[in-house]
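As structure tokens, the structure follows; a few thoughts come after it.
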Amino acid sequence: MTAQRPAADELVGRFIRLNPFEVADIPELYRALCRPQVFAGGYGGGPAGLPADADAYDAFARDYYSAGETAMPWTVRLCGGSGDGRVVGATKLADFDLPNESAHIGWTAYDPGVWGSAVNPEAKLLLLDLAFRSGFGRVKIQADANNARSRAAIERIGAQLDGVLRRHKRRADGSWRDSAVYSVIIDEWPEVRAGLEARLAEYGEQPVEVRERS
């Protein structure tokens with residue numbers, strides 16, 4: 001199957017839904033993501049990339065979640081419960097290489113109040129499913145090689161380590177990061193999908209509730 005750009009339709013799971021990113025989402029993303037602990041993990045280039053205020057985050061988000069022929073940004077919202085519709089993150093399916101049937105899931109961050117919940121595994125399930133249904137054969141996921149939390153989350157998805165790209169990208173403070181590059185390929189997808197579905201089943205039927213800051 002030849003890869004094709006996916007349709008920009010809402011993706012609905014049991015715990016979350018992914019909506020195509022809109023500029024109108026930025027104020028809610030600012031409240032969810034513009035926090036030191038989110039940028040500390042490498043989001044937006046790391047701690048030095050933390051915007052100073054809402055206006056600075058607006059400018060950052062418009063660039064970071066820009067769309068185009070090779071990029072589809074998404075806003076992550078909760079489904080059900082008291083937080084139904086609440087924005088808890090953002091992500092992007094991008095770097096479309098249609099002839100080589102490859103894509104990249106990245107630019108991802110979540111409200112710390114949903115870390116460790118069903119949000120990330122279901123987001124990856126929805127996006128990987130979309131990519132493979134659209135004819136892609138390889139989906140890359142990468143992280144700063146020093147970010148143990150993000151790397152552990154990627155490995156729990158079932159992605160395989162392709163290798164570490166040394167001196168790959170500049171951080172916001174000007175230093176260079178090494179990137180740990182993982183991927184899921186179409187041959188692995190049935191097993192990866194089954195693993196993600198099993199993880200989500202462990203959360204039961206209760207909606208995700210955001211753990212509020214004290």
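Residue numbers start at 1 and run along the sequence shown. Quantities reported herein were computed from a predicted structural model and do not represent experimental measurements.
Across every non-hydrogen atom of D178 and R166, the tightest pair is OD1-CA, 3.2 Å. Nearest heavy-atom pair, R199 versus P121, reported as atom, atom and distance to 0.1 Å: NH2-CG, 3.7 Å. Nearest approach of F39 to L33, heavy atoms of both residues: CE1-O, 3.6 Å. When all heavy atoms of F96 and A103 are compared, the pair lying nearest together is CD2-CB, 3.9 Å. Contact between I157 and L128 at its shortest, heavy atoms only, is CG2-CD1, 4.2 Å. The heavy-atom pair separating P20 from D25 by the smallest distance is O-OD2, 4.2 Å.
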With side-chain hydrogen bond (donor to acceptor under 3.5 Å, both in side chains) as the test, would you mind laying out the steps for D173 and S175 before giving the verdict? CA-CA 6 Å; D173 64 4; S175 64; 2.6 Å; yes
Step-by-step side-chain hydrogen bond (donor to acceptor under 3.5 Å, both in side chains) determination, S183 to Q160: CA-CA 5 Å; S183 64; Q160 299 297 308; over 6 Å; no
Run the salt bridge (Lys or Arg N to Asp or Glu O under 4.0 Å) check on D111 and R35 step by step: do they pass? CA-CA 9 Å; D111 186 317; R35 306 184 189 186; 3.2 Å; yes
As a quick check of understanding, evaluate side-chain hydrogen bond (donor to acceptor under 3.5 Å, both in side chains) for T75 and N19, giving each step before the final call. CA-CA 5 Å; T75 298; N19 298 112; over 6 Å; no
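Cluster membership for L165 and V184, using ILVMFWY side-chain heavy atoms within less than 4.5 angstrom, is not shared. L196 and L161 fall within the same hydrophobic cluster, where Ile, Leu, Val, Met, Phe, Trp and Tyr residues are linked whenever their side-chain heavy atoms come under 4.5 Å apart, directly or through other members. Follow the hydrophobic side-chain contacts under 4.5 Å out from V164 and you never reach W176; the two are in separate clusters.
Looking at residues two or more places apart in sequence or on another chain, you find a side chain to side chain donor-acceptor pair (under 3.5 Å) between Y182 and R151, E155.
The residues R138 and D162 are annotated as salt-bridged, a charged nitrogen and a carboxylate oxygen being separated by less than 4.0 angstrom. A salt bridge links E28 with R77: the closest approach of a Lys/Arg side-chain nitrogen to an acidic carboxylate oxygen falls below 4.0 angstrom. One finds a salt bridge joining R14 and E205 here, because a Lys/Arg side-chain nitrogen approaches an Asp/Glu carboxylate oxygen to under 4.0 Å. Using a 4.0 Å cut-off between a side-chain N of Lys or Arg and a carboxylate O of Asp or Glu, D144 and K169 do not qualify as a salt bridge.
At least one donor-acceptor pair under 3.5 Å links the side chain of K92 to the backbone N or O of Y64. Under the 3.5 Å distance criterion, the side-chain polar atoms of S150 are left unmatched by any main-chain donor or acceptor of N147. In terms of modelled atom types and a separation under 3.5 Å, the side chain of Y43 and the main chain of L50 share no donor-acceptor contact. Remark: the backbone N or O of V210 is not paired with any side-chain donor or acceptor of R86 at under 3.5 angstrom. Between the side chain of E188 and the backbone N or O of I185 there is at least one donor-acceptor pair closer than 3.5 Å. Within the 3.5 Å criterion, the main-chain N or O of V181 finds no donor-acceptor partner in the side chain of S179. Counting only distance, with no hydrogens or angles, the side chain of T108 and the backbone of G106 share a donor-acceptor pair below 3.5 Å.
Judged by a 6.0 Å distance limit and a 45° cone about the ring axis, R149 is positioned over the six-membered ring of W115.
Aromatic ring orientation, Y57 versus Y30: tilted (interplanar angle from 30° to 60°). Using cut-offs of 30° and 60° for the angle between ring planes, the F132 and W189 rings count as tilted.
In this structure, CD on Q4 lies 10.5 Å from CD on E101, to the nearest 0.5 angstrom. Distance check: D129 CG to E122 CD gives 11.0 Å after rounding to the nearest 0.5 Å. Atoms NZ and OG, on K140 and S102 in that order, are 8.0 Å from each other to the nearest 0.5 Å.
Residues F15 and L200 meet the side-chain proximity criterion, which asks for heavy atoms closer than 4.5 Å. A heavy-atom distance below 4.5 Å is found between the side chains of L130 and W74. Between I16 and L126 there is a side-chain heavy-atom pair separated by less than 4.5 Å. Side-chain contact between T91 and I105: present, with at least one pair of heavy atoms (C-beta onward) separated by less than 4.5 Å. Residues R62 and I26 form a side-chain contact, since some pair of their non-hydrogen atoms from C-beta on lies under 4.5 Å apart. Side chains of P112 and V38 form a contact here, defined as non-hydrogen atoms less than 4.5 Å apart. Using a 4.5 Å heavy-atom threshold, the side chains of V192 and K124 count as separate. Counting only heavy atoms from C-beta outward, the side chains of F136 and L98 approach each other to under 4.5 Å.
Residue E69 places its CD atom among 12 or fewer non-hydrogen atoms of other residues, nucleotides or ligands, all under 6.0 Å distant.
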